[in-house]
Amino acid sequence: MNLPKISSLYGRIFAIFWLTMLLVVFAILAASQLDPRQLHDIPTGPLKLMQESGQDITQKYQNANSALRSIRQINQSNDDHSKFNYYFTDIDGNWLNSSNGFRQKALNNFITLADKSELPQQRLYGKVMIAGPIPVIIAKQKLHMYFSIRWHQPPFILQLLDRPFQLLLAVMLTSTPLLLWLAWALSKPAMRLEKAAQKVARGELEVDPELEKGPNEFKQAGASFNQMVLSINNKISEQQRLLSDISHELRSPLTRLRMANALAIRKQGGSAELTRIDTEAERLEKMINELLELSRRQIDAHQIRQHLPASELWSDVIDDGQFEAEQQGKTLHCNPIPNGYLTGNPNLLTSAVENVIRNAIRYSLHGIWVNFSQRNNMITITIEDDGEGVEEHELDAIFRPFYRVSAARDRDSGGAGLGLAITQNAIVHHNGTIKARRSQHGGLAVDIKLPTSV
Ligand SMILES: Nc1ncnc2c1ncn2[C@@H]1O[C@H](COP(=O)(O)OP(=O)(O)OP(=O)(O)O)[C@@H](O)[C@H]1O
Ligand SMILES: [Mg+2]
């Protein structure tokens, strides 16, 4: 059978409550209907038996002389082999034979309820079922015959009716699957939505089509959620594209400025001011180039995520670093990379660590120490060097874009001051942390912590 599918949560909750109510009402009605202590029609099987024995009796005793004697005979012949007892009244309801005690009281009560021979009925009194009346003719007299029989096993329903607590329990048990289904229908999409929100919080801006399934209300919430993720993605990409366009556009006037400056030097001969203009323009060009490179690399990078082992991300960076350090007569020491996995954008994660290592190589005197460790779902990378290091009050500032410590600025060495800003950005984007401190080797120590994923 194909039940109509209720797709709205509102409809489902309503239907389930309604069904449960119906079940309870139905159970109570059915229980009272099935109660044998109520007056009921006699089932056809036993009714037929009773009518047959009525006919037998009529046949045997209709022409007898005395009704009372015949009744005594009937009861005597019945006593030994049948569980039935027979009782007779005349059509006015006066007993011709009687019982004693409780059974007689029950019989008296029963004939006030059932005295129509065309509609024989039955009712349970204690452990005695009384049925009748069946019309018979004894000694040419029209009589009503009643039966009584011992009723041994009180039925299960009767026990339930006598104990309302058990009845309640039975109804609760039968409605449990319905309620469980309701709870499941409610909680499953909610949990799905919660997981998706957690993913977004981790920076995984992915659209999940699974969210657009289930009850209508959740389907709509899921669709809105996906739309939100999409629009965040678009906003980020738009901003990065804007940055890329701006830095690209800035380059052309700068190139023209440097060309004009070179021409001026050639025409008028060099001067301290013109040389200064040239160096500053060159520095500006370098900064813009780095900005352009950075924005190009970051466009859409937040949308590309992979699940990769740490060694795959950083072993090349370490090899390159060792080679570069060697070229400068320095040594890069590194312990093995742990085998944990990370989820994220491989380009961002690789360049984050590369920037710090390149700094360490540039500012060190003899040695660079890279240490990987993994504990409690966290990978820690510490990069240290034995250079001059950074003053305590500048340890936080070096992560700002274009920030260069005063000594480096004066020395006019190094890059634009973007490396650490890029690194911090990437690490935070992957739910990690980055901190700078003084190293035991004398220079700078940078600690990067990143969560692993299974
Ligand atoms: N290992 C280090 N030792 C001493 N100073 C450092 C170290 N690493 C970074 N710094 C200081 O922090 C500043 C910022 O570093 P950052 O990597 O952001 O820029 P940069 O190396 O100058 O240029 P870029 O990385 O963009 O080429 C550097 O200019 C330098 O003064
Ligand atoms: Mg750098």
Side-chain angles (χ1 to χ4, degrees), residues 240 243-244 246-247 250-251 254 279-298 301 314 317-318 320-334 347-372 380-429 432-448:
Q240 278 162 355
L243 191 65
S244 164
I246 291 174
S247 37
L250 283 178
R251 273 201 324 184
L254 203 60
T279 34
E280 293 301 332
E282 192 188 340
R283 185 173 287 167
L284 205 56
E285 196 177 9
K286 207 165 159 190
M287 282 159 80
I288 289 172
N289 279 344
E290 281 208 31
L291 205 57
L292 186 61
E293 168 68 22
L294 163 72
S295 52
R296 279 200 182 135
R297 214 176 326 151
Q298 284 197 331
W314 295 309
V317 175
I318 300 295
D320 291 351
Q322 266 161 347
F323 179 75
E324 204 177 305
E326 249 171 55
Q327 300 292 307
Q328 301 179 21
K330 301 171 184 175
T331 326
L332 190 150
H333 311 267
C334 181
N347 284 343
L348 293 184
L349 286 173
T350 308
S351 72
V353 174
E354 189 179 7
N355 286 341
V356 185
I357 291 181
R358 284 173 151 257
N359 280 350
I361 295 172
R362 185 188 291 159
Y363 297 105
S364 66
L365 293 177
H366 308 288
I368 303 98
W369 290 264
V370 181
N371 182 70
F372 287 91
T380 307
I381 312 157
T382 305
I383 298 132
E384 298 178 71
D385 65 80
D386 59 355
E388 275 178 36
V390 172
E391 292 289 328
E392 200 75 35
H393 66 273
E394 283 181 309
L395 284 176
D396 286 337
I398 54 173
F399 293 103
R400 293 212 296 260
F402 300 117
Y403 187 89
R404 309 186 62 222
V405 303
S406 33
R409 260 196 308 264
D410 297 344
R411 214 185 318 122
D412 202 30
S413 69
L418 269 179
L420 287 179
I422 295 170
T423 300
Q424 190 185 38
N425 213 304
I427 299 297
V428 171
H429 183 72
T433 56
I434 181 165
K435 273 210 168 71
R437 57 182 166 89
R438 290 202 69 83
S439 160
Q440 54 180 13
H441 298 286
L444 187 77
V446 177
D447 299 312
I448 297 173

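Position 1 is the first residue of the sequence, and the numbers go up from there. One-based numbering, in listed order, for ligands and for the atoms of each.
Contact atoms of ligand 1 toward Tyr403: 13 (C), 14 (C) (distance under 4.0 Å to a heavy atom of the residue). Distances below 4.0 Å separate heavy atoms of Leu420 from the following atoms of ligand 1: 9 (C), 15 (O), 16 (P), 17 (O), 18 (O). Interface atoms of ligand 1 facing Val390, defined by a heavy-atom separation under 4.0 Å, are 4 (C), 5 (N), 6 (C).
Ranked by closest heavy atom to atom 9 (C) of ligand 1, the top entry among Ile422, Asp385, Asn359 is Asn359.
Annotation for Gln327: atom CD counts as buried by contact number, over 12 foreign heavy atoms lying within 6.0 Å. No more than 12 heavy-atom neighbours from other residues, nucleotides or ligands sit within 6.0 angstrom of CD on Glu391. Within 6.0 Å of atom CG in Asn371, more than 12 heavy atoms from other residues, nucleotides or ligands are found, so the atom counts as buried in its surroundings.
For ligand 1, the polar-atom distance check finds no N/O of Ala421 at less than 3.5 Å from any of the ligand's N/O atoms. Checking only distances, Leu444 never comes within under 3.5 Å of ligand 1, N or O to N or O.
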Side-chain atoms of residues 418-425: list all donor-acceptor pairs with protein atoms under 3.5 Å, sequence neighbours left out, distances to 0.1 Å.
from, atom 1, to, atom 2, distance (Å)
Thr423, OG1, Ala352, O, 3.1
Thr423, OG1, Asn355, ND2, 3.3
Thr423, OG1, Gly419, O, 3.0

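Using a 4.0 Å heavy-atom cutoff, Gly417 is listed among the residues neighbouring ligand 1. Residue contacts with ligand 1: Glu290 is included, with a non-hydrogen atom under 4.0 Å away. Under a 4.0 Å heavy-atom criterion, Arg362 is in contact with ligand 1. Under a 4.0 Å heavy-atom criterion, Gly389 is in contact with ligand 1.
A donor atom on one side chain and an acceptor atom on the other are found under 3.5 Å apart for Asp447 and Thr382.
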Derivation of the salt bridge (Lys or Arg N to Asp or Glu O under 4.0 Å) call for Glu324 and Arg358: CA-CA 9 Å; Glu324 204 177 305; Arg358 284 173 151 257; 3.2 Å; yes

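Contact check for Cys334 versus Phe372: side-chain heavy atoms found under the 4.5 Å cut-off. For the pair Ser439/Asp386, no side-chain contact is recorded, criterion being any heavy-atom separation below 4.5 Å from C-beta on. The closest side-chain heavy-atom distance from Ile381 to Ile383 is below 4.5 Å.
The number of protein N, O or S atoms lying under 2.8 Å from the Mg ion (ligand 2) is 1.
Residues Glu290 and Lys286 are not paired through a salt bridge, judged by the lack of any N-O separation under 4.0 Å between the basic side chain and the carboxylate.
Test Asn359, Val405, Ile398 against Leu444 for side chain to side chain contact (heavy atoms under 4.5 Å, CB included) and you get one pass: Ile398.
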